[in-house]
Amino acid sequence: MSKTPKPPFSVTTPIYYVNDVPHIGHAYTTIIADALARFNRLQGKDVFFLTGTDEHGQKIEKAASEKGLQPRELADQVVGRIKDLWRELNISHDFFIRTTESFHERGVQKIFLKLKEKGDIYKGAYQGWYCVSDENFLAEEVPLEPEGDKICPDCGKRAILVSEECYFFRMSRYQKPLLDFYAQNPDFVRPASRMNEVVSFVRQGLKDLSITRTTVKWGIAVPDDPKHTIYVWFDALHNYLTGAGYDWDLATFEKFWPATVHLIGKDILRFHAIFWPAFLMAAGFPLPRTVFGHGWWLRDEAKMSKSRGNVLDPHIILKTFGPDPLRYFLLREIPVGLDGNFSHEGFLHRVNSDLANDLGNLVHRTLTMIQGYLGGLIEEGGAEQENDRKIREEFEELKKKVAEHFENYAVSRALEEIWVYINAANKYLAENEPWKIAQDISQRKRLSRILYQTAAAIRGVGYLLSPVMPGSSLKIWQSLGEKEPPEKMPYAEFEFEGLKAGSKIQRAKPLFPRVLLEDFLKEEERPALEKKETKMEVISFDEFKRMDLRVGEILKAEKVPGTDKLLKIEVDVGTEKRTMVAGVADTYSPEELIGKKLVVIVNLKPAVIRGIESQAMLLAAEIDGKAIIPFFDRDVPAGAKVK
Ligand code: MSP
């Protein structure tokens, strides 16, 4: 009897805006999708993993004009960067869609027309407050500000009042169908807590949705009425259909639509869990099985944003560690639905303890012993004893649990279980003490058994980790003499005893070298680290006295050309005039500093900054990255000693 084929697995990420280069938050969604795609490939399913870019709309139009570029030029540049990043992160997507591609534009127009003919799209007029940054109209309940306008509750930016003729989607028609659908498909929105949020929103009633703009040029034209362009969210959501082949690759589309899971951040849940299924119902497409809203990564407990300047560029980490530690950290640290906090300290701690210590050492010790005691060849060894059997059986259990967790999108739980097992393997080695047994030639068979079990455990762990850390997993396999990569081995066929006696191990460099925090942070990040070190060394009064602090009077100040922050200041320190370069231009204009008196250190070794010799240094507090200078509140002569 032939086996029934497994259902295909189709996973999508949101398509990323091209106004800016991606940060760790964007990488996160793509890494989760990649791990799921790789896991499902191991399961022998046909997998389709779709990602891409959202390139139309006012946000991109504006970002491009600020950079003096055409929107298309900006999109091309950012798409290049995004694709590079996915390559560096070892992302295995099957297709990358750009919404500016003609097959997508045609597909969206076709669906638009279909809905118009059906009466689900009609022409009307709209007035409302629009947030350019989020590409979204504000809810009517958002109150007016004292200035008479509204502030976007999501991003805090000022909205603009827009009044225009436009086309509406008859969303009001879909309230009941959506509620019925949610009731019948409780897994449609995950985690479950997010489903409650969606249902209660829809219960409050749905208004028809404006889905075209006359104010935006950079978008897909409305068919037969080109002064309107299609609202960027209507355009973008349909990437899930066109990217899967709708209207241009029928075979792929039939196989992979509906999507198994749309992975998205919680901020864009309403678009995916309310608008999107309503559009699909209207056009008569089957609905995706699940929309999974993941949490947000914060940076040192704060939201990452460009204006705060705390956006994490994945390249800094990739340069030092390669992709696997970052993939591991993001997937291990938090369950997919919750928010997480990214700090370099937290990252390094995990990498050094879980990867370098627990896993890296286990692999390294085992390979070293096989090399040293068995001449580098895996041997089958003597009969299994109780604890040998246990480590084998625990692996079989682990394999089942890992699969269940992956099926359930609980990747962090799967990793936790793998680490419980890694620690059990470390304990197994410690208890069996192969290094002692190796001294007794008569125990050779016992020694081979212990090392076989450990090597098989490592091979198993390497296999189970391959969706999360494909590169390291391959290295582990190669070091055990495996000829094929783990991806080639179907999950159901993987066995602990699949490790072949006679395999020749290859000793490799350490898998995960330990890295010190200081070595890892780039020069420009060091001050941030130093700032956090509140514990300062105690110094004696004599040491303090070595500093020559004086009252200085500012005589001249001017910007250092080519910099935003630096001023070149001429200061009278009583005995002479000194030049200094200070990073205070964010806070003070050169004019307002003239004549001000402040504290300067005059016996600090001069430093050349931007080609200027800085012969003194002023004292200032640093608040939120800005320097605040303490000025004297009474008249004091320049050069007076400060102590
Ligand atoms: N273009 C829309 C999506 C359209 S899908 C039809 C968009 N793009 S985005 O580039 O702003 O965001 C893409 C994804 O990145 C979203 O899922 C968002 O939640 C995610 N993240 C952005 N910053 C994030 C964090 N700091 N942490 C985790 N994910 C975050 O929205």
Side-chain angles (χ1 to χ4, degrees), residues 11-33 50-60 63 74-75 78-79 81-82 85-86 91 96-100 104 107-108 131-136 152 154-155 194 211 218-220 230-244 259 261-277 279-280 288 291-308 310-314 326 329-331 333-343:
V11 55
T12 67
T13 72
I15 45 172
Y16 299 97
Y17 286 131
V18 290
N19 56 323
D20 216 336
V21 290
H23 58 62
I24 287 215
H26 305 120
Y28 180 51
T29 324
T30 314
I31 290 171
I32 306 171
L50 177 66
T51 188
T53 40
D54 187 355
E55 303 189 9
H56 290 125
Q58 208 162 358
K59 197 202 271 279
I60 316 300
L74 175 64
V78 178
V79 165
R81 304 275 295 271
I82 294 179
L85 180 60
W86 293 168
I91 301 298
F96 189 103
I97 182 168
R98 300 183 58 174
T99 54
T100 46
H104 170 77
V108 173
C131 172
V132 176
S133 171
D134 287 357
E135 307 266 19
N136 195 10
C152 171
D154 294 329
C155 71
R194 301 236 151 91
I211 54 158
W218 180 238
I220 303 179
I230 295 177
Y231 170 46
V232 64
W233 270 101
F234 186 90
D235 162 354
L237 284 162
H238 285 90
N239 93 84
Y240 299 129
L241 295 179
T242 58
V261 57
H262 291 317
L263 277 171
I264 55 158
K266 61 182 183 177
D267 52 317
I268 52 176
L269 183 64
R270 282 187 195 169
F271 294 100
H272 285 82
I274 303 173
F275 295 3
W276 181 226
F279 297 161
L280 289 168
V291 170
F292 202 114
H294 66 67
W296 267 55
W297 279 98
L298 307 174
R299 167 78 191 271
D300 296 325
E301 309 293 347
K303 192 170 166 178
M304 272 187 245
S305 76
K306 229 180 142 194
S307 48
R308 278 206 189 96
N310 66 350
V311 171
L312 262 174
D313 175 357
L326 181 59
F329 177 80
L330 294 177
L331 295 175
E333 194 73 0
I334 49 164
V336 178
L338 300 184
D339 288 349
N341 182 48
F342 197 107
S343 71

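Order of appearance sets the numbers: ligands from 1, and atoms from 1 within every ligand.
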Look at atom 7 (C) of ligand 1 and say which protein heavy atom is nearest, naming residue and atom and giving the distance to 0.1 Å.
Tyr17 CE1, 3.4 Å
Pro14 neighbourhood, listing ligand 1 atoms whose heavy-atom distance to it stays under 4.0 Å
3 (C), 5 (S), 14 (C), 16 (C), 17 (O)
Could you list the atoms of ligand 1 found under 4.0 angstrom from a heavy atom of His294?
28 (C), 29 (N)
Atom 20 (C) of ligand 1: nearest protein contact (heavy atom, Å):
Thr29 OG1, 4.1 Å
Just to verify, which of Thr29, Asn239, Thr13 counts as forming a side-chain hydrogen bond (donor to acceptor under 3.5 Å, both in side chains) with Thr51?
Thr13
Can you confirm, on distance only, whether ligand 1 has an N/O atom lying under 3.5 Å from any N/O atom belonging to Ala236?
no
Could you check atom 12 (O) of ligand 1 against the protein and tell me its nearest heavy-atom contact, residue, atom and distance included?
His26 CD2, 3.8 Å
Please state whether Trp276 comes within less than 4.0 angstrom of ligand 1, counting heavy atoms only.
no
Is the distance between the ring centroids of Trp297 and Phe329 under 6.0 Å?
yes
Check each heavy atom of Lys303 against ligand 1 and say whether those closer than 4.0 Å belong to the side chain, the backbone, both or neither.
neither
Quick one: nearest non-hydrogen protein atom to atom 3 (C) of ligand 1, plus distance?
Ile15 O, 3.3 Å
side-chain hydrogen bond (donor to acceptor under 3.5 Å, both in side chains) with Tyr16: of Thr30, Thr53, Asp54, only one passes, and it is Thr30
Atom of Val232, atom of Gly57 and distance for their closest heavy-atom approach
CB-CA, 4.2 Å
Tyr240: numbered ligand 1 atoms lying under 4.0 Å from its heavy atoms
5 (S), 6 (C)
Go through it in stages, so that I can follow the logic: the residues are Lys266 and Asp339, the test is side chain to side chain contact (heavy atoms under 4.5 Å, CB included), and I'd like the CA-CA distance, side-chain angles, deciding distance and then a yes or no.
CA-CA 10 Å; Lys266 61 182 183 177; Asp339 288 349; 2.9 Å; yes
At the 4.0 Å heavy-atom cut-off, does Arg299 count as touching ligand 1?
no
May I ask you to identify, for Trp233, whether its side chain, its backbone, both or neither come under 4.0 Å of ligand 1 on a heavy-atom basis?
side chain
Does even one non-hydrogen atom of Gly295 get within less than 4.0 Å of ligand 1?
yes
Do Trp218 side-chain atoms and Glu55 backbone N/O form a donor-acceptor pair below 3.5 Å?
yes
Looking only at distances, please establish whether an N/O atom of ligand 1 is found under 3.5 Å from an N/O atom of Asp267.
yes
Could you work out, for atom 31 (O) of ligand 1, the closest of Ile268, Leu330, Thr13 by heavy-atom distance?
Ile268
So which heavy atom in the protein is nearest atom 23 (N) of ligand 1, and how far is it from that ligand atom?
His23 CE1, 3.3 Å
Can you tell me which residue and heavy atom of the protein come closest to atom 27 (N) of ligand 1, and the distance to 0.1 Å?
Trp297 N, 2.9 Å
Using a 3.5 Å cut-off on N or O atoms only, is Leu237 in polar contact with ligand 1?
no
Would you say His104 and Thr99 are linked by a side-chain donor-acceptor pair, where the criterion is simply a distance under 3.5 Å?
no
So Phe271 and Phe275, would you call those rings parallel, tilted or perpendicular, with 30° and 60° as cut-offs?
perpendicular
Test item: Arg194 side-chain N/O and Gly293 main-chain N/O as donor-acceptor pair under 3.5 Å:
yes
Flag Asp54 as yes when one of its N or O atoms lies below 3.5 Å from any N or O atom of ligand 1, and as no otherwise.
yes
Minimum-distance pair of heavy atoms, taken over all atoms of Leu331 and Ile31
CD1-CG2, 3.8 Å
Which residue supplies the protein heavy atom nearest to atom 24 (C) of ligand 1, what is that atom called, and how far is it?
Gly25 CA, 3.6 Å
Is the ring centre of His23 less than 6.0 Å from the ring centre of Phe342?
no
Can you tell me the protein heavy atom closest to atom 17 (O) of ligand 1 and the distance?
Gly265 N, 2.8 Å
Whether over 12 other heavy atoms sit under 6.0 Å from Arg270 CZ:
no
How many angstroms lie between OH in Tyr231 and CD in Gln58, if you round to the nearest 0.5 Å?
11.0 Å
His272 heavy atoms, cut-off 4.0 Å: which ligand 1 atoms fall inside?
5 (S), 6 (C)
